[in-house]
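In what follows, every chain begins at residue 1, and chains take the letters A, B, ... in the order their sequences are listed. Remember, it's a predicted structure, so these values are computed and weren't measured experimentally.
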2 protein chains.
Amino acid sequence: MTDHLLTPAEMADAVGVSIDTLRYYERENLISDVGRAANGHRRYDAGDLAWIRVLRCLRDTGMTIDQLRHYCELGEQGDATKPERLTMLRDHRAKVEARKAELDRAIELIDHKIDIYLHEDDEGATS
Amino acid sequence: MTDHLLTPAEMADAVGVSIDTLRYYERENLISDVGRAANGHRRYDAGDLAWIRVLRCLRDTGMTIDQLRHYCELGEQGDATKPERLTMLRDHRAKVEARKAELDRAIELIDHKIDIYLHEDDEGATS
DNA sequence: CAACAACCTGGAGTGCACTCCAGGTCAAGC
DNA sequence: GCTTGACCTGGAGTGCACTCCAGGTTGTTG
């Protein structure tokens, strides 16, 4: 790991969220032990960057703030909680897969609807 | 199409939403011309059922109420708007595909994280 | 040294999509 | 004839995840 530290603006840019969101996550205990510069400004390290990327990945795929907080709490409780964290990840992975399957079914229905538009000659029933 | 009419409770059950949600959609002009029984209670027909299924499919995949309202307005304006409605469906389809790709990338990251848990012997950097 | 940019804090506000509620109607069953 | 259940209306409330704001500090820049 390099020892390059990121400012809030740089981190926001790197992970694609606002600075406010970063602070919000910290308030919600999803990010801990963020370093500070002499003037009190936050300085994020490479570990923070990696974690926030994972955090965003989990959020983007529907894990709630509450669940993420729980995951973080487990992390803070040490190695004994690894199995539970692993279970959370696996469960979440399964949910994401299930979601993909839902999207596939939706695409089929949308395609069907598109086909109807394409082959419709009359019949005004659309609503 | 059969002429069997559904009560609000039956419709809610058939499409997997609450009766309140059904009424909400109607207020937002996403469902129009719902029939009524003599006592003023709603009676949904087969066309309503088909449309509400499509509506739910689009909502479930991220189309907003505003966009759906626009789609409905187009429908009410007649055949001249068919190309625009088709474009909306195709654009939305593309978004759903894009979302699927995002989920795939997320799954890769989750798998990577799971691997780290599995191959971790020491190294306490987690949070 | 004044202005400006980047950040700080605690707390209030926002947008979306529902979800719930009070008060009322109507038809069927005991 | 009274209760029960399903439904009606307009409007208020909820939960989530941010997002914004006021008021303040610090450090650089012309």
Next item on the list: Could you verify whether a donor N or O on one side chain and an acceptor N or O on the other, from B:Tyr71 and B:Arg85, lie under 3.5 Å apart?
Entry: no
With 3.5 Å as the limit, what N/O pairs link the protein to nucleotides 15-22 of chain C?
residue : atom : partner : partner atom : Å
C:dC18  : OP2  : B:Tyr25 : OH           : 3.1
C:dC18  : OP2  : B:Arg59 : NE           : 2.8
C:dC18  : OP2  : B:Arg59 : NH2          : 3.3
C:dT19  : O4   : B:Arg27 : NH2          : 3.4
C:dC20  : N4   : B:Asp20 : OD1          : 3.3

Check: Have A:His70 and A:Glu84 got a donor and an acceptor in their side chains that come within less than 3.5 Å?
Finding: yes
Next item on the list: Would you mind reading off the distance between B:Glu26 atom CD and D:dG11 atom C1', rounded to a whole angstrom?
Entry: 17 Å
Notebook entry, point to check: Is A:Glu102 salt-bridged to A:Arg99, cutoff N-O under 4.0 Å?
Noted result: yes
Note to self: Pairing donors with acceptors under 3.5 angstrom, does anything connect the side chains of B:Arg56 and B:Tyr25?
What the structure shows: yes
Next item on the list: Side-chain contact test, heavy atoms from C-beta onward, threshold under 4.5 Å: evaluate it for A:Val17 versus A:Ile52 and give yes or no.
Entry: no
Note to self: Quick check against the 3.5 Å criterion: does B:His119 have a side-chain atom that pairs as donor or acceptor with the backbone of B:Asp115?
What the structure shows: yes
Next item on the list: Could you tell me whether A:Ala37 contacts a base, only the sugar-phosphate backbone, or nothing, with contacts defined as non-hydrogen atoms closer than 4.0 Å?
Entry: nothing
Next item on the list: Could you tell me the separation between the OH atom of A:Tyr44 and the C1' atom of C:dC8, rounded to a whole number of Å?
Entry: 12 Å
Notebook entry, point to check: With a 3.5 Å cut-off and no angle check, do the side chains of A:Thr7 and A:His41 form a donor-acceptor pair?
Noted result: no
Check: Rounding to a whole Å, what distance do you find between A:Glu10:CD and C:dA5:P?
Finding: 18 Å
Margin query: Test your reading of the model: is there a side-chain donor-acceptor pair from B:Asp91 to the backbone of B:Met88, 3.5 Å cut-off?
Written below: no
Could you run down the sub-3.5 Å N/O contacts of the protein with nucleotides 23-30 of chain D?
none

Notebook entry, point to check: Taking only N and O in the side chain of A:Arg36, is any of them less than 4.0 Å away from OP1 or OP2 of C:dT9?
Noted result: yes
